[in-house]
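See structure below.
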Amino acid sequence: MVRKVASLVVLGVLASVLTAGQIAAQAGDTSHATGGTPPVRGVVGGDLAPAGRFPWMVRLSMGCGGALTAPRVVLTAGHCVNGSGPDDSIGVVAGVTNLKSADAVEARSVAVVRAEGFHGETRGEDWALIKLDRALNLPTLELGHGGADEAGPLTVLGWGQTSEQSLRQEKRLRYASVPVVSDGACAKAYRKVGVELVQDESICAGKKGVDTCQGDSGGPMVRPAGDKWVQVGIVSWGLGCARKGFPGVYTQISAFRATIRKATRELS
Ligand code: ARG
C-alpha cells in the first residue's frame with residue numbers, strides 16, 4: 001500500500017539487506033530494501049490501458065486498486081482497508097483510465113467488510129469489500145470458478161509503481177500479461193526468504209521484468225472470457241517487484257468465491 005512507502009525508503013537506507021524475519025513482516029512492501037536491482041520498465045513491464053477496455057477497474061484513495069463486483073460494491077485487498085464496519089474514509093475514482101480525466105466518476109465508501117480470517121497480506125484471506133454511497137452505472141466484473149480459469153497467462157492492471165525504485169504512482173492505468181507460476185515453485189522461492197506461502201489461497205504470477213508493484217494492491221487479475229473478463233485474483237504481495245524468481249502473489253478468487261458473492265449480495 002502506498003502509505004507505507006515513505007517509511008520503507010527509510011528502512012531501505014538503514015538496511016541494505018533484510019533479515020528473513022523482516023521480509024516476512026514486510027513482504028508486500030520491501031521495494032526499496034536492496035540495492036543493485038536494475039530498473040524495470042512500466043504495472044512493471046506493462047502498457048497503457050486503452051480507454052473502456054477495463055470498465056470495472058477503480059482506484060481507491062488509500063493508494064490501492066479495486067474492481068466493481070456489483071454496481072455499489074468494490075472488491076479489493078484486505079490489507080488495503082482498516083477492518084470491517086462503517087467507513088466513510090475511502091474515496092473511489094471509476095470509469096476512467098486517466099485519473100485526472102474530467103470524465104472520472106467519483107464515489108465514497110459507506111462500509112467495509114474485510115475477510116474474517118485476515119491477519120496480514122502474506123497470510124491468506126487478503127480480500128475486502130467496500131460498499132459505496134451510490135450505485136455506479138458501470139459494468140461489473142464476474143468472479144472466476146478456478147480450474148482452467150487459473151491456467152494463465154493472466155492480465156494484471158493498476159496505477160501503481162512502474163518499477164520497484166519508482167517513488168510515484170501513475171496517473172494512467174497500465175496492464176500486463178503475466179505467466180502463472182506453480183504454487184510449489186513459488187512456495188519454494190518465498191520459503192528461502194522466510195515466508196510460507198498459503199498455497200490453497202494464492203496464485204503466483206509474473207516473471208523477471210513483468211509484475212504488479214506497490215500501489216497495485218487490491219486490483220484484479222483477470223482472464224478474458226468471450227467479450228468479457230473474469231476475475232481470477234487480487235493483487236496481494238511480493239518481494240520487491242518483477243524480480244527474477246519472485247513472482248507476484250495474488251489472492252485466489254476461487255477459494256473465496258462463495259463467501260465474497262454472499263457478502264456482496266448483503267451489501268448491495
Ligand atoms: N502490497 C502491494 C501493495 O500494497 C502490492 C505488491 C505486489 N507486489 C508484487 N511484486 N506483485 O500495493
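Order of listing sets the numbers, starting from 1, for every ligand and every atom in it. Computed over heavy atoms, backbone and side chain alike; hydrogens, waters and symmetry mates excluded. Keep in mind it's a predicted model, so treat the numbers as computed, not measured.
Applying the 4.0 Å criterion to heavy atoms of G238 picks out, from ligand 1, the atoms 8 (N), 9 (C), 10 (N). Near T212, with a cut-off below 4.0 Å to any heavy atom, the atoms of ligand 1 are 7 (C), 8 (N), 9 (C), 10 (N), 11 (N). With ligand atoms numbered from 1 in the order given, ligand 1 contributes 12 (O) to contacts under 4.0 Å with heavy atoms of D216. Each of the following atoms of ligand 1 lies closer than 4.0 Å to a heavy atom of G248: 11 (N). The distance from ligand 1 to the heavy atoms of E121 drops below 4.0 Å at these ligand atoms: 1 (N). In summary, the atoms of ligand 1 found under 4.0 Å from a heavy atom of S217, numbered by their order in the structure, are 1 (N), 2 (C), 3 (C), 4 (O), 5 (C), 12 (O).
For W237 and Y190, the ring centers sit closer than 6.0 Å to each other.
In this model, a donor atom of one side chain and an acceptor atom of the other lie less than 3.5 Å apart for S217 and H79. The closest side-chain donor-acceptor pair between S254 and E150 falls under 3.5 angstrom. If you check the side chains of Q231 and R223, you find no donor sitting under 3.5 Å from an acceptor.
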Could you go through I253 and W127, starting from their C-alpha distance and side-chain angles, then the distance that decides it, and tell me whether this counts as side-chain contact (heavy atoms from CB on, under 4.5 Å)? CA-CA 9 Å; I253 291 291; W127 64 267; over 6 Å; no

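Residue-level proximity to ligand 1 for C213 is carried by the backbone, the only part with a heavy atom below 4.0 angstrom. Neither the backbone nor the side chain of L239 comes within contact range of ligand 1; no heavy atom lies under 4.0 Å. Only side-chain heavy atoms of D211 come within less than 4.0 Å of ligand 1; its backbone N, CA, C and O stay farther off. Proximity of C64 to ligand 1, defined as any heavy-atom pair under 4.0 Å, is not found for any part of the residue.
Residue contacts with ligand 1 include S236, since one or more of its heavy atoms lies under 4.0 Å from the ligand. At least one heavy atom of G240 sits closer than 4.0 Å to an atom of ligand 1.
When atom types are taken as modelled, the side chain of D149 and the backbone of H145 share a donor-acceptor pair closer than 3.5 angstrom.
Considering each of A242, G215, G63, the one bringing a non-hydrogen atom nearest atom 12 (O) of ligand 1 is G215.
Here's the thing with H79: one of its N/O atoms is less than 3.5 angstrom from an N/O atom of ligand 1.
The neighbour count for R172 CZ, taken as heavy atoms of other residues, nucleotides or ligands under 6.0 Å away, does not exceed 12. Heavy-atom contacts from other residues, nucleotides or ligands closer than 6.0 Å to CD of E142 number 12 or fewer.
At a threshold of 4.5 Å between side-chain heavy atoms, the hydrophobic network of Ile, Leu, Val, Met, Phe, Trp and Tyr places V73 and F256 in one connected group.
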